[in-house]
Amino acid sequence: MSSEQDQINKQREAGDRDNARLWRAWRTIHEMVQDRGYILAEEEVKISLSDFVKAHRDGSGMVSKASMKFSAHPSDAMMQRYSNPATESNPNPPPPDVGTIWVEFLEGDNVGIKHMRTFAQYLSAHNFHTGILITSVNITPSALKIIPAVASETRIETFNEQDLLVNITHHELVPKHVLLSKEEKSALLARYRLKDTQLPRIQMTDPVARYLGLRRGQVVKIIRKSETAGRYASYRLCV
Amino acid sequence: MASPRMPKPILKKTSYPATPVRNTSTTISTPSREERDRETALQHARILQARKEVELDILSAIEELLDYPLAGPPHDSSNPSVEDAQTFKNLLKPFQPSDYDDLIVERNIGENCGYALCAKPRVKDPLGGKYRIVGTRGRAKDFKVVERGELEKWCSEACARRALYIRVQLIESPAWERDVAQSFVKIDLLDEPKSQDIVGGLEKMNLDDKEIQDSTQNRQDLALERGDQSFASRNGLVDVKILEKDVKREAEAPSLEEDLSGKLNTMHLSLEGHLPRFEQQKKSLTEDDGDEDMDWKL
Ligand SMILES: [Zn+2]
């Protein structure tokens with residue numbers, strides 16, 4: 001084999017590796033969005049590598065991140081889980097704080113204030129309730145400070161491409177986490193006569209909490225399999 | 001004016017419930033535990049709020065300075081426009097050095113020179129390698145090995161100097177913890193605007209100084225009225241009062257008039273005019289010289 005041919009092969013291999021990486025991140029983010037309760041078609045979530053490359057490659061055969069973006073609507077079940085139950089004191093509770101989600105992969109060697117502002121403005125302009133920005137590099141400290149500053153308009157979450165190469169919730173040592181609705185939460189607290197602060201905690205920065213997009217004050221049920229006791233559940237309050 | 005308070009002992013906690021205050025004549029009642037807890041909680045909430053506001057200010061200042069300078073030619077980094085220089089200085093007031101570093105990072109992402117009053121793009125060295133050698137043509141003390149990334153933050157060495165000149169003037173402590181004196185920072189540029197009208201510039205400077213004095217005075221008055229001169233005392237962390245010692249004796253100037261002969265035998269002990277005395281010496285000095293020959297009788 002000539003060295004020129006060798007070079008081309010090597011390049012193609014590297015390109016294939018990059019494409020496969022992006023495909024894995026794409027799969028994981030779709031699974032995450034679906035697991036949170038947004039509506040996605042099965043074939044969108046379980047897309048094969050070749051179909052993914054076909055759909056997103058540019059002229060050179062490489063996947064272009066510029067085309068890696070999608071939105072999804074919350075399912076009825078998700079709306080139900082986020083709904084605020086009517087009480088005597090508050091017969092007309094506010095509507096659930098969920099809405100359309102927008103996911104975007106960002107190209108580039110750095111992500112600064114301007115990128116984050118552009119993203120936030122895009123979300124507001126299109127009435128997206130939540131936005132997920134996926135980058136391959138670290139985001140600057142100032143850019144991260146924009147997220148709380150625009151929190152009243154839109155929710156921004158950021159993920160690193162690297163962290164999406166595997167779906168952590170599929171790991172056998174990670175127990176199943178299920179978000180409780182507000183009704184289920186108050187039922188739980190009433191049954192055990194607890195205040196929510198008496199529950200064990202899960203940090204909002206915990207990888208699984210980030211995966212599920214948990215908010216402060218929400219409670220997750222954690223279901224573990226035990227060899228002696230079968231299945232048992234525990235509960236954690238997100239702080 | 002604040003009424004003078006009794007100095008509080010530091011070690012003894014008079015407000016502790018186990019040791020009730022005997023002295024009922026003092027009008028200050030000790031706050032209950034709940035009151036104190038509430039006060040502490042409020043105190044913390046206030047600090048958090050102040051911190052949040054400062055951080056937002058800094059963020060919007062960085063965003064504004066991303067697109068600086070506003071004035072085009074003939075102004076440049078060695079001769080910025082008066083308005084740009086003034087806004088730049090004002091916006092930097094709440095900055096800590098680390099916030100300033102964040103500004104440079106953000107400007108560099110936009111490929112701008114890190115010095116906010118410079119409109120040029122930063123340099124990008126097409127050659128690889130992590131380090132560069134600088135100052136090979138100057139004197140030996142200028143010779144340095146620096147990281148390439150460090151050089152690529154600026155358009156030139158002059159701008160690097162201008163930018164760092166500002167960085168060292170920034171206050172290390174966060175703005176929400178600064179006291180009155182610190183909350184008024186004056187930042188100088190290495191290259192101030194070169195005004196064509198020097199007289200006008202001078203007048204403006206004087207005006208500014210007047211303004212500065214007024215505003216400092218106002219701040220201090222306000223702080224005094226609130227009784228919160230510094231963050232620490234506002235927080236109740238320290239309650240220290242310095243009391244001037246009262247001197248009753250009439251002040252008198254030291255003199256050399258008196259006869260030196262009496263001091264001759266102790267003069268070699270004198271330290272800058274002060275004569276250290278020890279107990280025995282004290283005795284022998286105060287006693288009559290005539291007693292000297294009685295010592296052996298003991
Ligand atoms: Zn420059």
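Letters A, B, ... mirror the listed sequences (proteins, then strands); counts begin at 1. The analysis underlying the following values was restricted to heavy atoms, covering all of them including side chains, and did not include hydrogens, waters or symmetry mates.
- B:L59 approaches A:S142 most closely through the heavy-atom pair CD1-O, 3.4 Å.
- The environment of CZ in B:R38 is sparse: at most 12 heavy-atom neighbours from other residues, nucleotides or ligands sit within 6.0 Å.
- Atom CD of A:E183 sits in a sparse spot, with 12 or fewer heavy atoms from other residues, nucleotides or ligands closer than 6.0 Å.
- When the shell of 6.0 Å around CZ of A:R193 is examined, it contains 12 or fewer heavy atoms from other residues, nucleotides or ligands.
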Pair B:I109-A:T140, side-chain contact (heavy atoms from CB on, under 4.5 Å): steps then yes or no: CA-CA 10 Å; B:I109 287 176; A:T140 62; 3.5 Å; yes
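- Under a 3.5 Å cut-off, the side chain of B:E106 and the backbone N or O of A:G112 do not form any donor-acceptor pair.
- Crowding of A:N138 atom CG: a count of heavy atoms from other residues, nucleotides or ligands under 6.0 Å not exceeding 12.
- For B:L66, the part sitting under 4.5 Å from any heavy atom of chain A is the side chain, from C-beta outward, and nothing else.
- Between B:E55 and A:K145, no side-chain nitrogen of the basic residue sits less than 4.0 Å from a carboxylate oxygen of the acidic one, so the salt-bridge criterion is not met.
- At most 12 heavy atoms of other shown residues, nucleotides or ligands fall within 6.0 angstrom of atom CD in B:E172.
- Chosen from A:D109, A:I113, A:N110, A:V111, the residue pairing most often with chain B at heavy-atom distances under 4.5 Å is A:I113.
- Within a 6.0 Å sphere centred on CZ of A:R215, heavy atoms belonging to other residues, nucleotides or ligands number more than 12.
- For a residue to count as touching a neighbouring chain, one of its non-hydrogen atoms must lie under 4.5 Å from one of that chain's; by this rule B:D67 touches chain A with the side chain only.
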